[in-house]
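Just so it is clear: chains get the letters A, B, ... in the order the sequence lines come, proteins before strands, and each one is counted from 1.
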Amino acid sequence: MSVKHALLALLDQGPRHGYGLKHEFEARLGQSWPLNVGQVYSTLARLERDGLVAPEPEGDEDTERRAFRITGAGRSALAEWLSAPVPREALSRDELLVKVVAALEAGAEPAVRVIRAQRTATLELLQRHTRSKAEAARRGDLPRLLTIDLLIAQAEAEVAWLDRCEARVAAGASDPGGEVRR
Amino acid sequence: MTAVLELDQVARVYGDGRTAVQALDGVSLRVAPGELVAVMGPSGSGKSTLLNLAGGLDRPTTGRVVVDGTELGRLDRRRLAALRRRRVGYVFQDLNLLPGLTAVENVALPGELDGVGTRQARAEALAALDQVGLADRAGAFPDQLSGGERQRVAIARAVVGQRVLLLADEPTGALDSLAGEAVLELLRARCEAGIAGVLVTHEARYAAIADRVVFLADGRVVDQTTVAGGVV
């Protein structure tokens, strides 16, 4: 996961202690990605082992009390990570897909029921995200806004897919010559 | 609370005999003051028909449409037109602002056509432009405004004066997503101020701004979200 790169990005702004890193990470992404402090210390230990961060010279021996700074190698690793697109694997083991296909075994109507129920639930989720977004906008909380925009985009994509599913299932059902392929 | 808009078992059939098309089939819907309801559904599901019936632009084959306590079916042509002009506002995808009139003149026009004095119509128009954050652009012509600003003028025109019902058909049109969002937030704010709103859209993201989302398929309401509570 990319916690280590997120920490590098924070350290790129100046030396920090583990607890400060946890706090700053959570101030940006914590609502969707809570981080425990132990995870921060173990990540820092790995980053130090790989030479991407170094303890501040006048620091304590104890990891928990030391401040770290980013190294040249750390900056390169950060730049490389930022410039590389995130790989997206084909997502074919989605539970909703399995559910729609399973309902289709019993016919078009049960499948349409599943599709519509899911669409309503996803729209309700989208409504809640939209409220959260208005709140984040009032607070001027940009990282939170970006997080909610991502959740909204995912929910929107699901609704669009469900619309397409319904149209396809309906087309399959109303075409007497054609059989719904499974 | 008394609904501003009430559709009671409304059906609309176009044509007759073998070529009859059932555009709406027993739709019931209530929209209260301050409430914004989004209507979604595939093309041909009856969204536009619903909006036309709600605004008195078309009459149902069976069923009742009540706006602001008045059953539209009981009104003659002249009274229906008056109710439409005074109580109902429309926002369409195509802005329909008159290019030769300034923003404030566009917004004042319905009032002036309705016999409200020029001075009062202008004062109401300025108040409506202020509500959409465009008081300082009142003297601009449509081609001097951005797409988002033009749509805000259209919203001001739709809520000016004593309007109680706002009907919007894909009001975000060709706006980019941030401008579209801003227009929708504004629409919602005008509804929260006490107007009842119906928003037809095919975009889930925009529908989610509404208090309730109603799904139409083949002229029927097939599902609707319950009022969203809390935040995620």
Take a 6.0 Å sphere around [atom1] of [X] and say whether it holds more than 12 heavy atoms from other residues, nucleotides or ligands.
X	atom1	result
B:Asp16	CG	no
B:Gln162	CD	no
A:Glu109	CD	no
B:Asp218	CG	no
B:Arg188	CZ	yes

(request) Measure the shortest side-chain to side-chain distance between A:Leu123 and B:Met40 over non-hydrogen atoms and say whether it is less than 4.5 angstrom. (result)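 Answer yes - side chains close enough.
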(request) Answer yes or no: is there a side-chain heavy-atom contact under 4.5 Å between A:Lys133 and B:Glu181? (result) yes
(message) Ignoring hydrogens, what is the shortest heavy-atom contact between A:Arg116 and B:Ala217? Give both atom names and the distance.
(response) NH2-CB, 3.5 Å
(request) List the atom of A:Thr130, the atom of B:Ala208, and the distance in Å for their closest heavy-atom pair. (result)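 Of all heavy-atom pairs spanning A:Thr130 and B:Ala208, the closest is OG1-CB, 3.4 Å.
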(message) If I measure from the heavy atoms of chain B, does A:Ile152 come under 4.5 Å with its side chain, its backbone, both, or neither?
(response) side chain
(request) Measure A:Ala117 against the heavy atoms of chain B and call it side chain, backbone, both or neither at under 4.5 Å. (result) backbone
(request) Apply the side chain to side chain contact (heavy atoms under 4.5 Å, CB included) test between A:Gln127 and each candidate in B:Thr226, B:Asp211, B:Ile209, B:Val213; give the one that qualifies. (result) B:Val213
(message) When you measure from the side chain of A:Glu156 to the backbone of B:Glu203, do you find a donor-acceptor pair of N or O atoms at a distance under 3.5 Å?
(response)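 No: the side chain of A:Glu156 does not pair with the backbone of B:Glu203.
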(request) Counting only heavy atoms closer than 4.5 Å, note whether B:Gln224 contacts chain A via side chain, backbone, both or neither. (result) backbone
